[in-house]
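One structure is given here, and the rest of the page talks about it.
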Amino acid sequence: IWIDFINTPQVSFVEGIVERLIRDKYELVFTCRDSSNTIDLLELKGWDYTVINGYSGSNTFLKCFLFPLRLIRLFFFIKRQRIDSAICQSSFYLPIVSWLLRIPSTYTNDNEHASGNLFGFLFAIRVFLPEALKAYVSKSKLPRKNRIRFYDGVKEGIYLSNNEQSTGSSARIVENVFYRP
């Protein structure tokens, strides 16, 4: 199973899934960009990974140049692996490369304004979004809406649930919880 990380929060989002896959003895291939603290977090988790390209920042020209370059590098790297399935949280690259290599992929996202979502909606076989985006999806002209499924809550709730302090009986009571809607 291939998982691609392009930003730090994605590592925490899939942590519970990865732990389960490791426990069930699946072979995992991790790729990432060198952006924010992604590599530091992968190191902290002890997961083996391959860095493919770095962070392009907010420079539009650099983004346009590096996007196809990373696609090409991912394509040739993943082509040499024995991948049966792929999953990502907001990696715009993974659905395209998976589609080109005929690997079924699952795409998740929680930002309806991200332009790169189009790649997930076009090329992934399944798209998971927070239930709060149902109204947005029903009003939008998104392609292949039949591939979209919804989950309860928000992305942050998923990775906070991986924290044993948030689920244990000794967890302290939090008076205020803030999240980005």
Side-chain angles (χ1 to χ4, degrees), residues 1-21 30-33 35-38 41 55-60 62-64 66-68 70-71 74 83-167 171 173-181:
I1 297 173
W2 169 38
I3 301 174
D4 185 42
F5 303 102
I6 62 170
N7 209 340
T8 307
Q10 299 163 0
V11 178
S12 297
F13 181 79
V14 300
E15 181 178 7
I17 297 167
V18 167
E19 287 175 1
R20 171 101 187 243
L21 294 171
F30 299 118
T31 55
C32 70
R33 285 190 322 182
S35 64
S36 303
N37 299 94
T38 306
L41 197 50
Y55 180 60
S56 59
S58 60
N59 183 314
T60 305
L62 200 53
K63 283 183 179 185
C64 291
L66 290 179
F67 189 83
R70 187 166 193 265
L71 281 175
L74 278 170
I83 304 296
D84 297 313
S85 184
I87 184 172
C88 68
Q89 161 64 24
S90 304
S91 168
F92 309 139
Y93 307 90
L94 182 139
I96 298 170
V97 172
S98 295
W99 181 79
L100 289 169
L101 294 172
R102 295 197 167 113
I103 299 168
S105 67
T106 299
Y107 176 81
T108 67
N109 200 305
D110 67 330
N111 179 355
E112 69 274 24
H113 303 295
S115 306
N117 279 341
L118 181 62
F119 301 120
F121 294 127
L122 283 173
F123 298 108
I125 62 162
R126 184 71 64 222
V127 176
F128 285 98
L129 303 173
E131 200 168 69
L133 295 182
K134 266 187 176 176
Y136 164 76
V137 168
S138 68
K139 294 176 188 174
S140 72
K141 296 180 182 177
L142 292 171
R144 305 185 177 189
K145 288 183 186 180
N146 62 324
R147 297 178 182 200
I148 300 172
R149 300 293 182 268
F150 297 94
Y151 61 87
D152 292 334
V154 292
K155 172 184 76 174
E156 291 79 5
I158 291 172
Y159 58 78
L160 286 174
S161 70
N162 293 327
N163 180 343
E164 64 186 57
Q165 288 182 337
S166 67
T167 58
I173 296 174
V174 178
E175 294 179 20
N176 296 303
V177 176
F178 300 92
Y179 71 93
R180 176 181 55 112

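What you see is a predicted model; the values in this text were computed from it and never measured.
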Evaluate the side-chain proximity of [Y] to [X]: yes if any heavy-atom separation is below 4.5 Å, no if none is.
| X | Y | result |
| --- | --- | --- |
| Pro130 | Tyr151 | yes |
| Trp2 | Leu74 | yes |
| Val97 | Leu71 | yes |
| Thr31 | Tyr93 | no |
| Asn7 | Ser36 | yes |
| Leu142 | Tyr136 | yes |
| Phe128 | Ile87 | no |

With sequence neighbours excluded, residues passing salt bridge (Lys or Arg N to Asp or Glu O under 4.0 Å) with Arg20
Asp24
Nearest heavy-atom contact between Asp4 and Ser91 is OD2-OG, 2.6 Å
Between Leu94 and Thr106, the two heavy atoms sitting closest are CD2-O, 4.4 Å
For Thr38, all residues meeting side-chain contact (heavy atoms from CB on, under 4.5 Å), sequence neighbours excluded
Phe5, Thr8, Val11, Cys32, Ser35, Leu42
What orientation do Tyr107 and Phe92 show, parallel under 30°, tilted 30 to 60°, or perpendicular over 60°?
tilted
Expected output: side-chain Ser98 to main-chain Pro95 donor-acceptor under 3.5 Å:
no
